[in-house]
Amino acid sequence: MWQTNAVALRAGGEAMLIDSPYFPDELEALPGVLAGAGFEPDALLGTHADFDHLLGRLAFPGLALGLGEPSMERLHREPGAAQRDLRDHDERFYVERPAPLALGAVQGLPVPGSVEVGSEELELHPAEGHTGDGLAVMARWCGVLCAGDYLSGVEIPMISPGGSLAEYRSTLARLAPLVEAADSIVPGHGAPHGRDAALRILGEDVDYLDALERGEERPTLPKGRDSKEQRRIHEGNLARV
Ligand SMILES: [Zn+2]
């Protein structure tokens with residue numbers, strides 16, 4: 001659903017799973033697929049507290065989930081919201097699950113900050129604007145940037161409740177040097193990009209935010225993202241800003 005991505009990273013005998021797929025068959029297959037490639041996650045990390053990024057425990061029920069402290073605060077402010085959103089989407093798409101979502105042991109992480117994976121370090125960078133929480137994960141040793149719900153080739157910038165246009169702009173400015181330093185940029189939704197493609201999308205997103213700020217009702221949307229669904233997202237953005 002929504003081309004949702006999960007990313008596994010490993011170093012020095014440890015592995016981390018960032019975000020999650022959505023469908024039960026994907027979640028069920030994930031441990032085996034990862035093990036076949038030599039990845040056995042020791043921990044889970046979510047880029048933000050939207051339900052579609054929190055499902056890792058359905059694949060790895062024994063693992064703790066790490067979230068940025070702003071995401072922890074959001075979970076406390078909106079108890080049960082992720083579970084309700086998941087249930088609503090499951091009903092809409094006729095998805096049945098063997099078990100409901102239990103977030104279990106959730107660990108709050110300072111952002112900006114870092115977490116260790118084996119012998120290496122994952123940098124956690126603030127990424128607000130899409131929502132009021134959010135972080136981007138930079139794995140500098142292997143050149144991977146997990147951008148959360150930014151820099152997507154399939155979705156225009158979405159200002160959700162709690163997000164803001166000004167913060168979205170700051171996040172794009174913060175992501176630019178990280179993109180420059182990365183080889184692979186993995187957005188929360190849609191295909192991973194090389195550096196040049198990610199920089200092009202970043203520029204398109206800045207242009208889109210300019211049009212949104214001007215209140216344009218029918219802005220030119222970027223190539224590949226000009227669809228009825230993206231126009232619907234634009235209407236939601238207009239209502240929110
Ligand atoms: Zn998402």
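Each ligand, and each atom within it, is numbered from 1 in the order the structure gives.
Sorted by first and then second residue, the side chain to side chain donor-acceptor pair (under 3.5 Å) pairs involving residues 62-74 (not counting sequence neighbours) are Asp50-Arg74, Ser71-Asp133, Arg74-Glu78, Arg74-Asp133. For residues 200-241, the ring pair (Phe, Tyr, Trp, His ring centres under 6.0 Å) pairs, not counting sequence neighbours, are Tyr208-His234.
Counting heavy atoms from C-beta on, the side chains of Leu101 and Leu58 come closer than 4.5 Å. A 4.5 Å side-chain heavy-atom check between Glu96 and Asp90 finds every atom pair outside the cut-off.
For the Zn ion (ligand 1), the set of protein N/O/S atoms nearer than 2.8 Å consists of Asp52 OD2, His53 NE2, Asp149 OD2, His189 NE2, ordered by chain and number.
Every residue two or more places apart in sequence or in another chain that forms a side-chain hydrogen bond (donor to acceptor under 3.5 Å, both in side chains) with Glu213 is listed here: Arg169.
Using modelled atom types, no side-chain atom of Ser152 and backbone atom of Gly190 make a donor-acceptor pair closer than 3.5 Å.
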